[in-house]
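If you're wondering where the values come from, they're calculated on a predicted model, not measured in any experiment.
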Amino acid sequence: MIPELDAQTPEHETEPPDIVVIGASTGGPEALVALLRRMPPRCDVPILIAQHILPSFSERLASRLSTMTQRAVLEATDCMVPAPGSIYLAPSDRHLSVVRTRLNIILRVAADPPENFCRPSVNVLLRSVARVYGSRSLAVILTGMGSDGLDGCRHMHAAG
């Protein structure tokens with residue numbers, strides 16, 4: 001637990017989130033399977049995942065997660081519109097983020113420099129979700145590597 005953050009749900013937050021974002025590193029694939037299997041069958045919000053993974057393995061991980069959880073897990077591509085009930089995995093060696101356009105919210109996939117030696121970086125994803133969705137978002141950190149995710153969690157917390 002991060003001592004600087006209060007783990008309690010704010011009293012004003014009673015509605016379900018508009019998006020769920022998951023960060024994972026070592027041990028993440030097994031933790032993702034366990035989490036996704038236990039989620040309600042009908043999930044009406046998009047789920048975005050940043051998993052530290054070796055280059056070129058994200059497509060196989062998405063396929064494995066789909067098979068093991070009976071949920072469609074897609075490798076995110078640039079400019080996709082996150083759909084309710086869909087699960088998107090950051091591609092290997094690419095950052096995943098969200099951006100609000102004039103018409104909707106889209107996924108961004110970019111080869112920007114690594115952050116905390118990580119690409120994809122959990123921080124990059126969490127900061128973008130905090131900017132776009134604010135208090136209408138939920139972050140789940142399953143496993144960690146170094147401090148990736150800490151700065152993003154601070155942004156999520158500050159956004160409510």
Side-chain angles (χ1 to χ4, degrees), residues 1-25 27-52 58 61-62 65-66 68-91 94-110 115-116 118 120-145 147-160:
M1 181 176 199
I2 302 167
E4 298 88 7
L5 302 180
D6 179 3
Q8 296 180 12
T9 302
E11 288 181 27
H12 68 276
E13 186 61 46
T14 58
E15 297 292 319
D18 290 337
I19 191 164
V20 174
V21 59
I22 302 171
S25 188
E30 293 78 20
L32 285 167
V33 168
L35 176 66
L36 295 175
R37 280 183 174 165
R38 287 175 176 83
M39 290 183 68
R42 182 179 162 164
C43 182
D44 293 334
V45 300
I47 299 171
L48 308 180
I49 302 170
Q51 163 71 58
H52 298 155
S58 58
L61 176 59
L65 289 172
S66 292
M68 296 186 77
T69 66
Q70 304 301 306
R71 295 175 184 270
V73 179
L74 307 170
E75 188 177 41
T77 60
D78 200 40
C79 296
M80 279 182 152
V81 175
S86 297
I87 303 171
Y88 304 92
L89 177 67
R94 297 289 181 267
H95 292 303
L96 176 61
S97 60
V98 293
V99 176
R100 183 179 304 276
T101 68
R102 287 183 50 219
L103 300 176
N104 52 30
I105 295 170
I106 62 170
L107 301 180
R108 297 303 307 197
V109 174
E115 185 171 321
N116 294 317
C118 300
S121 168
V122 176
N123 279 335
V124 169
L125 180 56
L126 292 178
R127 283 195 306 263
S128 73
V129 167
R131 260 191 318 275
V132 171
Y133 288 91
S135 66
R136 304 293 304 144
S137 58
L138 173 68
V140 178
I141 304 297
L142 296 177
T143 61
M145 178 165 186
S147 61
D148 189 39
L150 177 59
D151 180 62
C153 283
R154 287 182 175 133
H155 279 79
M156 294 284 289
H157 186 261

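- Put simply, CG on Leu142 and CG on Leu32 are 5.5 Å apart, with the number rounded to the nearest 0.5 Å.
- Rounded to the nearest 0.5 angstrom, Met156 CE and Leu125 CG are separated by 8.5 Å.
- Judged by distance alone, the side chain of Arg71 and the main-chain N or O of Met39 form a donor-acceptor pair under 3.5 Å.
- The minimum heavy-atom distance between Met68 and Arg37, with the atom names listed, is O-NE, 2.8 Å.
- Checked by atom type and distance alone, the side chain of Thr69 never pairs as donor or acceptor with a backbone atom of Val33 at under 3.5 Å.
- Side-chain contact between Val21 and Tyr133: absent, with no pair of heavy atoms (C-beta onward) separated by less than 4.5 Å.
- Here the CD1 atom belonging to Ile49 is positioned 10.5 Å from the CG atom belonging to Leu74, to the nearest 0.5 angstrom.
- Here the side chain of Asp148 pairs no donor or acceptor atom with the backbone of Ser121 at under 3.5 angstrom.
- Scanning all heavy atoms of the two residues, the minimum distance from Val45 to Asp18 falls at CB-O, 3.5 Å.
- Using modelled atom types, one side-chain atom of Arg100 and one backbone atom of Val132 make a donor-acceptor pair closer than 3.5 Å.
- With hydrogens and angles disregarded, no donor-acceptor distance shorter than 3.5 Å links the side chain of Arg127 to the backbone of Cys153.
- Here the closest heavy-atom approach between residue Cys79 and residue Ile106 is recorded as O-CG2, 4.0 Å.
- Rounding to the nearest 0.5 Å gives a distance of 6.5 Å between CG of Asp151 and CD of Glu115.
- Residues Asn123 and Leu150 approach most closely at OD1-N, 3.5 Å, considering heavy atoms.
- In this structure, the separation between NE2 on His155 and OG on Ser128 is 10.5 Å, given to the nearest 0.5 Å.
- The CD1 atom of Ile47 lies 6.0 Å from the CG atom of Leu36; values are rounded to the nearest 0.5 Å.
- Formation of a donor-acceptor pair under 3.5 Å by the Gln51 side chain with backbone atoms of Ser25 is found in this model.
- When all heavy atoms of Tyr88 and Leu96 are compared, the pair lying nearest together is O-CD2, 4.3 Å.
- Taking all atoms of both residues into account, the shortest heavy-atom contact from Ala50 to Ala90 is CA-CB, 4.3 Å.
- Contact of the Val98 side chain with the Arg131 side chain is not registered, since no non-hydrogen atoms from C-beta on lie closer than 4.5 Å.
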